[in-house]
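Take a look at the structure set out below.
Each chain gets a letter, A, B and so on, in the order the sequences are listed, and its residues count up from 1.
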Amino acid sequence: MNLEEIKAENFIEEAIIEDLKAGKNKEVITRCPPEPSGHWHIGHVKAWTIDFETAIKFGGYTNLRMDDTNPTKEDGDFADSYVDDLKWLGYTPKNVIYSSEAYFEKMYEIACDFIKRGLAYVCELSGDEVSKTRGTLTEPGKNSPYRNREASESLKMFEAMRAGKYPDGSITLRAKIDMAHPNMNMRDPVMYRVMRVHHYKVGDKWCIYPMYDFAHPIEDALEGITYSLCDISFEDHRPLYNWFVENAFPGKKYLPRQMEFSKLAIENVLLGKRYLKRIVNSGKVMGWDDPRFFTIAGMRRRGITAAAVKNFVKSLGVTKVDSLIPKQQFDYFVREDLNKVATRAMVVLDPLKVKITNLVADEEIFVEDNPSLESSTKHKSVFSNELYIEKEDFSLNPPPKYNRLVLGGMVRLKNAYIIKCNNVVYKNNGDIDYLECEYLPETRSGNDNSGIKVKGTIHFVAKNNAVKITIRNFKNLTKEEYLEPDKALNDGIELEDLLEENSLIETNALAEKFILNAKVLDKFQFVRKGYYSLDPDSTKDNLIFNSIVSLKDGFKTK
RNA sequence: UGGGGUAUCGCCAAGCGGUAAGGCUACGGUUUCUGACACCGUCAUUCGUAGGUUCAAAUCCUACUACCCCAGCCA
């Protein structure tokens with residue numbers, strides 16, 4: 001690898017190149033360190049993309065490491081789901097590691113060593129007392145009365161902690177740093193706490209568990225991670241991170257370096273785990289994979305592709321700026337990818353019947369599966385004397401520049417013929433019953449030498465080739481006026497007031513019969529309408545399609 | 001009023017002392033059997049503010065302002 005040939009695309013890569021050139025590190029090994037306590041969402045995709053792509057760029061690798069140091073919140077099912085999620089994203093971790101299993105013993109030894117060297121002490125202050133003596137943002141904290149306990153005594157007590165001699169929450173191991181430090185994280189942070197909770201991975205082997213601030217840097221160092229990339233909320237933990245790593249491995253040549261980037265926020269997108277959990281428990285959504293959620297499971301179920309999500313995330317760059325991305329910026333990448341992969345189908349969402357008065361026999365027609373592909377295949381469809389078009393594709397009072405069907409006007413039925421509307425037949429109640437049209441036999445698609453030019457092309461489904469399907473349309477999960485739903489909730493808005501009412505709307509549509517071959521998660525473009533994906537709830541008799549995104553609509557009446 | 005961060009077009013974002021890339025959006029136009037896609041074009045005399053250094057500053061210096069994060073035995 002020639003460092004001179006690598007172009008840094010962000011400040012992290014810049015720093016890495018500098019380190020590598022200066023010999024501070026010799027390779028780029030990153031880690032993807034989820035706590036198995038919830039489902040991943042699009043924010044995680046940004047973080048993991050940075051972890052994996054950075055390592056790949058420098059010829060290194062990434063470990064998937066379960067940061068499972070707090071059994072009260074964790075569950076093995078989550079850990080399992082991450083392996084699948086990563087696969088869906090197309091990333092392969094070099095190793096899959098469970099911190100609890102891999103490092104708890106070694107961490108304990110290091111903690112003992114800290115005690116012996118006077119860098120840590122056993123503290124008998126209660127949680128409340130610890131909190132009270134921590135000081136405030138502007139006032140220094142007070143030293144714990146146990147701070148100067150003999151190392152030998154601390155060590156004995158720490159061993160007793162591990163042996164289960166102390167009740168939960170009664171005692172901690174604390175780092176001895178500086179209770180007056182302006183950085184709150186440095187005020188003798190807790191390294192170990194006592195809790196008798198069954199751990200999904202290591203069972204009841206331990207009753208003391210390390211805290212993140214101690215565990216994470218030690219794990220990184222033990223694992224040989226060279227770059228520990230995390231979000232900006234850990235920025236002021238970095239001095240602590242370094243303190244632990246430097247004291248645990250004095251003189252070690254290559255130490256991991258933590259660097260932080262800003263996390264992803266998208267307008268109107270709710271990501272907070274605890275909020276999503278409440279919504280799931282309330283039964284107002286289908287589950288963690290609800291298509292309205294921006295969880296990986298939700299996006300996948302909705303029909304959004306991994307490529308789209310990754311392209312979006314990559315387009316954002318890596319910085320430390322507090323940003324809020326408009327949803328439409330995301331939609332662009334969803335459409336961009338779907339345009340390349342979605343099979344085209346003619347589907348009428350809101351049917352208006354049309355009778356072709358001069359057609360004697362049904363005709364077979366062909367619909368291109370995907371014109372954006374060089375070698376596009378076609379599927380068979382039907383043109384018949386009774387068919388459906390979209391209600392909105394016919395108008396009695398057309399607005400300016402309306403180039404669809406009007407009474408006495410002509411329009412092309414896509415993949416079939418140009419038709420002319422001669423008559424509108426009404427029902428007793430005054431509604432339109434159906435349209436009477438004639439088709440122009442010399443205008444068949446692909447064989448049209450008529451020279452007749454028509455302004456518009458609309459899609460249709462022949463009555464005898466139509467199959468009724470269910471469409472799930474989604475509004476934003478939360479009300480549009482809350483640009484930052486997580487923030488609104490944190491500020492005290494009630495979840496009930498934030499949620500959009502009836503954000504799931506089921507409708508029916510008429511699709512070409514060939515759609516019966518669709519498999520779950522297959523992507524379609526319903527021509528001129530939008531992108532749809534077959535939902536797993538579908539049965540043989542009831543195909544359910546999730547609306548992914550609409551097509552852009554350039555029609556402006558002004 | 002402690003500490004840590006961030007400020008370049010409506011939203012992202014390059015830029016690293018030599019005279020403001022790119023993407024999204026928007027707006028024009030071309031093309032089109034998807035009003036999609038594609039393609040062309042327009043969109044910052046100006047870089048949070050005010051001073052200063054320099055032949056030359058978004059880039060260096062000084063001061064100020066705004067916003068974000070931190071007081072879990074969570075991660």
With sequence neighbours excluded, what pairs up with A:Asp231 under the side chain to side chain donor-acceptor pair (under 3.5 Å) test?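 A:Ser233.
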
Applying side chain to side chain donor-acceptor pair (under 3.5 Å), can you list everything that pairs with A:Tyr275, at least two apart in sequence or on another chain?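 By the side chain to side chain donor-acceptor pair (under 3.5 Å) rule, A:Tyr275 matches A:Asn490.
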
Would you please confirm or rule out a distance under 4.0 Å between OP1 or OP2 of [N] and any side-chain N or O of [X]?
| X | N | result |
| --- | --- | --- |
| A:Lys552 | B:A26 | yes |
| A:Tyr332 | B:C24 | yes |
| A:Arg134 | B:G72 | yes |
| A:Ser131 | B:G72 | yes |
| A:Arg335 | B:A36 | no |
| A:Arg193 | B:C74 | yes |
| A:Thr319 | B:A13 | yes |

Could you check how far [atom1] of [X] sits from [atom2] of [N], rounded to whole Å?
| X | N | atom1 | atom2 | result |
| --- | --- | --- | --- | --- |
| A:His41 | B:A75 | NE2 | C1' | 12 Å |
| A:His459 | B:U32 | NE2 | C1' | 16 Å |
| A:Asp331 | B:A26 | CG | P | 11 Å |
| A:Arg174 | B:G72 | CZ | C1' | 13 Å |
| A:Arg344 | B:U32 | CZ | P | 19 Å |
| A:Lys327 | B:U25 | NZ | C1' | 15 Å |
| A:Lys340 | B:A38 | NZ | C1' | 13 Å |
| A:Lys263 | B:U6 | NZ | P | 16 Å |

Options [options], nucleotide nearest the side-chain atoms of [X]:
| X | options | value |
| --- | --- | --- |
| A:Leu551 | B:A75, B:G35, B:U34 | B:U34 |
| A:Asn70 | B:C12, B:C74, B:G3 | B:C74 |
| A:Glu235 | B:C11, B:G5, B:G35 | B:G5 |
| A:Ile232 | B:G5, B:C73, B:C74 | B:G5 |
| A:Thr136 | B:U6, B:A71, B:U34 | B:A71 |
| A:Phe333 | B:G23, B:A75, B:A71 | B:G23 |

Measuring only the [atom1] atom in each nucleotide, how far is [N] from [M]? A whole number of Å is fine.
| N | M | atom1 | value |
| --- | --- | --- | --- |
| B:U59 | B:A71 | P | 35 Å |
| B:C47 | B:G10 | P | 13 Å |
| B:U30 | B:C68 | C1' | 46 Å |
| B:A21 | B:U1 | P | 39 Å |
| B:C9 | B:A50 | C1' | 23 Å |
| B:G48 | B:A66 | P | 16 Å |
| B:U54 | B:U46 | P | 24 Å |
| B:G15 | B:A7 | P | 13 Å |

Report, as yes or no, whether the 6.0 Å neighbourhood of atom NZ on A:Lys314 holds more than 12 heavy atoms from other residues, nucleotides or ligands.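 More than 12 heavy atoms, drawn from other residues, nucleotides or ligands, come within 6.0 Å of this atom.
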
For A:Lys401, I'd like to know if atom NZ has over 12 heavy atoms of other residues, nucleotides or ligands within 6.0 Å.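 Open: at most 12 neighbouring heavy atoms sit under 6.0 Å from NZ of A:Lys401.
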
Spell out yes or no: do the side chain of [X] and the base of [N] have one donor N/O and one acceptor N/O closer than 3.5 Å?
| X | N | value |
| --- | --- | --- |
| A:Glu14 | B:C16 | yes |
| A:Asp236 | B:G3 | yes |
| A:Arg238 | B:G4 | no |
| A:Asn183 | B:G4 | no |
| A:Gln525 | B:U34 | yes |

Should A:Glu223 and A:Asn63 be marked as a side-chain contact (heavy atoms from CB on, under 4.5 Å) after you check the CA-CA gap, both sets of side-chain angles, and the distance that decides it? CA-CA 9 Å; A:Glu223 204 166 306; A:Asn63 287 339; 2.9 Å; yes

Heavy-atom closest contact (A:Leu324 atom, A:Ile266 atom, distance):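 That would be CD1-C, 3.9 Å.
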
Over all strands shown, is A:Asp448 touching base, sugar-phosphate only, or nothing at heavy-atom distances under 4.0 angstrom?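 Here A:Asp448 touches no strand at all.
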
Looking for any heavy atom pair under 4.0 Å, which part of the strands does A:Leu137 touch: base, sugar-phosphate only, or nothing?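 The residue A:Leu137 makes base contact.
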
Any side-chain donor paired with an acceptor under 3.5 Å for A:Ser228 and A:Asp220?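 Their side chains do contain a donor-acceptor pair, which is all the 3.5 Å distance test asks for.
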
Side chains of A:Thr72 and A:Asn70 only: does a donor on one sit below 3.5 Å from an acceptor on the other?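 Indeed, the side chains of A:Thr72 and A:Asn70 share at least one donor-acceptor pair under 3.5 Å.
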
Would B:G35 be called syn or anti here, given the cut-off of 90° from 0?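 For B:G35, whose glycosidic angle is more than 90° from 0, the conformation is anti.
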
